[in-house]
Colleague: 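Please see the structure below; I have some questions.
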Amino acid sequence: MNLRGKFLGSVCLVVAAFIPSKAKSDDKVKVMPPIQLEDTIRGISVPKRARFLVADIRIGGASVKDLFSNSDSADVSQSDYYSLKRETVTIRLKERRLLSRLKYLSLTDEHSYLVVILVDPRKAGALRWIREKASILFGSGFSVQLKYPIATALPICERVTQVILSGIDSHLQEVITKAGQAETSISLDQLFLLLRRDRLDSFMNKLGPIERQCPVAVRLLKWVRNDEVQGFEFKKYEVTPELGSILDSLSTSLVGFKKWQRYNFRVSIVGYTDPKAVQDPKVSRFLLSPAKTGVKSLASRSRLDVYYKGCDEDRPTIGLPQYVDFFSSSGRLVRSPIQTNCELGAVRAYAASAFVAERLGEANMEYEYATGGVSSSTGADEQKRKVEVKIVVKAAKKR
């Protein structure tokens with residue numbers, strides 16, 4: 001044994017004689033200055049001793065380390081490990097679009113912190129053994145938690161709305177990223193289910209009743225939960241604020257992939273109707289008007305040419321909606337005044353498609369719409385959504 005080994009061995013014996021064998025070596029927690037989540041785009045400076053490495057980054061119990069790149073080294077040198085040297089490393093989001101996931105986790109966490117966990121990478125060694133037995137003398141033992149409070153000063157109503165929208169954005173981006181070269185698809189219903197199972201339902205259960213103070217947020221929440229008719233009001237085809245906010249969130253997610261070298265998305269939308277006849281002699285005629293769609297790109301037109309196929313009177317002829325290319329003129333033309341539920345379903349789908357196309361444009365995008373007539377879903381019709389959206393990821397390749 002060399003002199004260094006004999007010296008460390010003697011120190012170990014002395015320390016062991018005076019310190020209990022079950023010395024506490026819990027993580028040391030340090031509360032850091034508050035941050036904004038947008039700071040993660042530019043990068044956050046993390047001060048630490050050189051012998052520590054960034055082992056994990058968490059929000060509300062969920063690891064987000066895979067979303068970050070950091071300037072930390074892969075290993076600790078011998079000299080740094082035995083010294084008291086201090087340094088600063090930077091952690092930053094790999095891509096700006098990943099911010100939606102951080103926002104979602106932060107908004108659903110009661111006490112929101114970005115926690116950076118630093119660890120001693122050595123698994124054995126005399127000096128590590130000494131630190132384990134004498135953490136009081138040597139400062140933090142094997143790990144340190146740096147807790148950065150996240151500033152989330154949103155009013156509760158806006159917070160609920162942002163939880164839903166950022167959650168949709170986060171899950172849709174995850175689906176697209178994982179697709180890569182393989183074709184995959186995700187429907188709005190599937191996104192809502194992922195959102196609820198992830199954190200939304202547990203967050204709302206802890207929050208308690210908000211119906212009286214947040215009617216707008218509650219309407220959006222009820223649509224996500226499929227609690228009542230949303231998307232289109234009775235006997236109307238205007239894109240409502242709730243539907244518009246959802247379609248806007250979907251569009252924002254897809255826009256984030258515009259810088260990818262090769263991609264191709266297809267947006268498929270089906271419109272459904274109320275279980276009552278469109279034409280009623282006791283009310284005024286149901287005219288097809290561009291201004292009543294609530295879509296800017298349509299409002300300036302003198303007329304609308306909306307087509308549909310595979311549907312008679314109230315329902316699809318073969319039981320399934322048949323799509324029409326949004327930019328083509330094939331199929332049967334919807335009349336004005338609108339005379340059937342098949343026609344109303346087509347107009348609703350057309351308006352929603354125009355809303356998305358207005359935000360995403362035509363490059364590398366395909367749009368198709370269809371009428372579902374009266375919804376064939378089982379159960380009370382008033383508990384069924386009046387629009388169905390599916391996004392097909394046909395190809396995606398990052399630069």
Side-chain angles (χ1 to χ4, degrees), residues 95-101 104 164-198 200 220 223-226 230-232 239-240 242-272 295 297 320-328 345-346 348-372 375 377 384-398:
E95 296 182 62
R96 186 184 188 91
R97 61 180 182 80
L98 299 174
L99 184 62
S100 62
R101 183 60 183 172
Y104 179 59
I164 295 172
L165 299 182
S166 61
I168 290 173
D169 184 18
S170 171
H171 282 292
L172 179 57
Q173 292 202 38
E174 184 178 5
V175 169
I176 296 173
T177 303
K178 287 183 177 179
Q181 291 294 304
E183 180 170 321
T184 189
S185 64
I186 183 76
S187 70
L188 194 57
D189 282 348
Q190 289 171 323
L191 278 174
F192 286 160
L193 187 58
L194 287 172
L195 183 60
R196 295 187 60 188
R197 288 177 175 176
D198 184 7
L200 178 61
L220 183 59
W223 190 35
V224 171
R225 291 176 169 173
N226 211 4
Q230 290 296 333
F232 293 99
V239 175
T240 62
E242 291 84 9
L243 175 57
S245 62
I246 295 295
L247 295 179
D248 214 25
S249 180
L250 296 178
S251 301
T252 300
S253 294
L254 297 182
V255 165
F257 291 89
K258 285 284 189 178
K259 59 185 177 182
W260 286 36
Q261 187 177 37
R262 182 168 65 88
Y263 68 92
N264 196 332
F265 296 113
R266 182 172 69 244
V267 178
S268 305
I269 298 180
V270 182
Y272 294 97
V295 182
S297 59
L320 294 173
Q322 296 187 44
Y323 290 95
V324 175
D325 188 312
F326 179 73
F327 297 105
S328 73
R348 287 178 167 179
Y350 183 86
S353 298
F355 186 96
V356 177
E358 183 180 276
R359 283 151 177 76
L360 291 175
E362 298 182 39
N364 299 94
M365 296 295 303
E366 299 175 16
Y367 306 95
E368 60 182 9
Y369 67 99
T371 177
S375 174
S377 302
K384 302 300 173 185
R385 299 186 191 95
K386 297 298 180 267
V387 64
E388 178 182 290
V389 181
K390 182 171 71 172
I391 297 172
V392 179
V393 186
K394 300 182 69 176
K397 180 181 179 182
K398 193 175 181 181

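Since this is a predicted model, take the numbers as computed values, not measurements.
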Colleague: Measuring from Leu194:CG to Leu200:CG, what's the distance to the nearest 0.5 Å?
Modeller: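 Leu194 atom CG to Leu200 atom CG measures 12.0 Å (nearest 0.5 Å).
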Colleague: Which atom pair, heavy atoms only, marks the closest approach of Ser353 to Phe326?
Modeller: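 So the two residues come closest at CB-CD1, 3.7 Å.
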Colleague: Hey, could you give me the NZ/CG distance between Lys390 and Leu188, rounded to the nearest 0.5 Å?
Modeller: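 If we round to the nearest 0.5 Å, Lys390:NZ and Leu188:CG are 13.0 Å apart.
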Colleague: Between Leu254 and Ile176, does the side chain to side chain contact (heavy atoms under 4.5 Å, CB included) criterion hold? Intermediate values first, please.
Modeller: CA-CA 9 Å; Leu254 297 182; Ile176 296 173; 3.5 Å; yes
Colleague: Taking ring pair (Phe, Tyr, Trp, His ring centres under 6.0 Å) as the test, write out the residues that go with Tyr323, two or more places apart.
Modeller: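 Counting only residues at least two positions away or on another chain, Tyr323 forms no ring pair (Phe, Tyr, Trp, His ring centres under 6.0 Å).
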Colleague: Which heavy atom in Val270 sits nearest to a heavy atom in Thr371, and how many Å separate them?
Modeller: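 Shortest heavy-atom contact: CG1-C, 4.1 Å.
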Colleague: Can you measure from OG (Ser245) to CD1 (Ile168) and round to the nearest 0.5 angstrom?
Modeller: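 Ser245 atom OG to Ile168 atom CD1 measures 7.5 Å (nearest 0.5 Å).
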Colleague: Would you confirm whether Ser170, through its side chain, and Ser166, through its main-chain N or O, come within 3.5 Å as a donor-acceptor pair?
Modeller: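 It does not hold such a pair.
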Colleague: Minimum heavy-atom separation for Asp169 to Ser100, with atom names?
Modeller: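 It is OD2-CB, 3.1 Å.
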Colleague: Could you tell me the separation between the OG atom of Ser185 and the CD atom of Gln190, rounded to the nearest 0.5 Å?
Modeller: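 That separation rounds to 6.5 Å.
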Colleague: If I take atom CG from residue Asp198 and atom CG from residue Leu193, how far apart are they, to the nearest 0.5 angstrom?
Modeller: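 Between atom CG of Asp198 and atom CG of Leu193 there are 11.0 Å.
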Colleague: Which one of Val356, Val255, Val389 satisfies the side-chain contact (heavy atoms from CB on, under 4.5 Å) criterion with Leu250?
Modeller: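 Among the candidates, only Val389 passes.
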Colleague: Does any non-hydrogen side-chain atom of Val387 lie less than 4.5 Å from one of Arg348?
Modeller: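 Side-chain contact under 4.5 Å: no.
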Colleague: Within 45° of the ring axis of Phe355 and under 6.0 Å from its six-membered ring centre, is that where the NZ or CZ of Arg359 lies?
Modeller: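 Pair Arg359/Phe355 counts as cation-pi.
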Colleague: Which heavy atom of Tyr272 sits nearest a heavy atom of Pro321, and at what distance?
Modeller: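 Result for this residue pair: OH-CG, 4.2 Å.
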Colleague: Mind running side chain to side chain contact (heavy atoms under 4.5 Å, CB included) on Leu360 and Phe265 for me, showing each step along the way?
Modeller: CA-CA 10 Å; Leu360 291 175; Phe265 296 113; over 6 Å; no
Colleague: Apply side chain to side chain contact (heavy atoms under 4.5 Å, CB included) to Val295 and Tyr350, showing your working.
Modeller: CA-CA 10 Å; Val295 182; Tyr350 183 86; over 6 Å; no
Colleague: So, for Ser328 and Val324, which heavy atoms are closest and what is the spacing to 0.1 Å?
Modeller: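 Shortest heavy-atom contact: OG-CG1, 4.0 Å.
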Colleague: Nearest heavy-atom pair of Ile246 and Leu165: which atoms, and what distance?
Modeller: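 Scanning both residues, the minimum pair turns out to be CD1-CD2, 4.2 Å.
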Colleague: How would you list, by chain and number, every residue that makes a side-chain contact (heavy atoms from CB on, under 4.5 Å) with Ala349, sequence neighbours excluded?
Modeller: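 Scan of Ala349 (side-chain contact (heavy atoms from CB on, under 4.5 Å), adjacent residues dropped) gives Ile269, Tyr369.
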Colleague: Can you tell me how far CD1 of Ile164 sits from OG of Ser249, rounded to the nearest 0.5 angstrom?
Modeller: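 Those atoms lie 10.5 Å apart.
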Colleague: Run the numbers on His171 and Arg101 for side chain to side chain contact (heavy atoms under 4.5 Å, CB included), then give the verdict.
Modeller: CA-CA 8 Å; His171 282 292; Arg101 183 60 183 172; 4.1 Å; yes
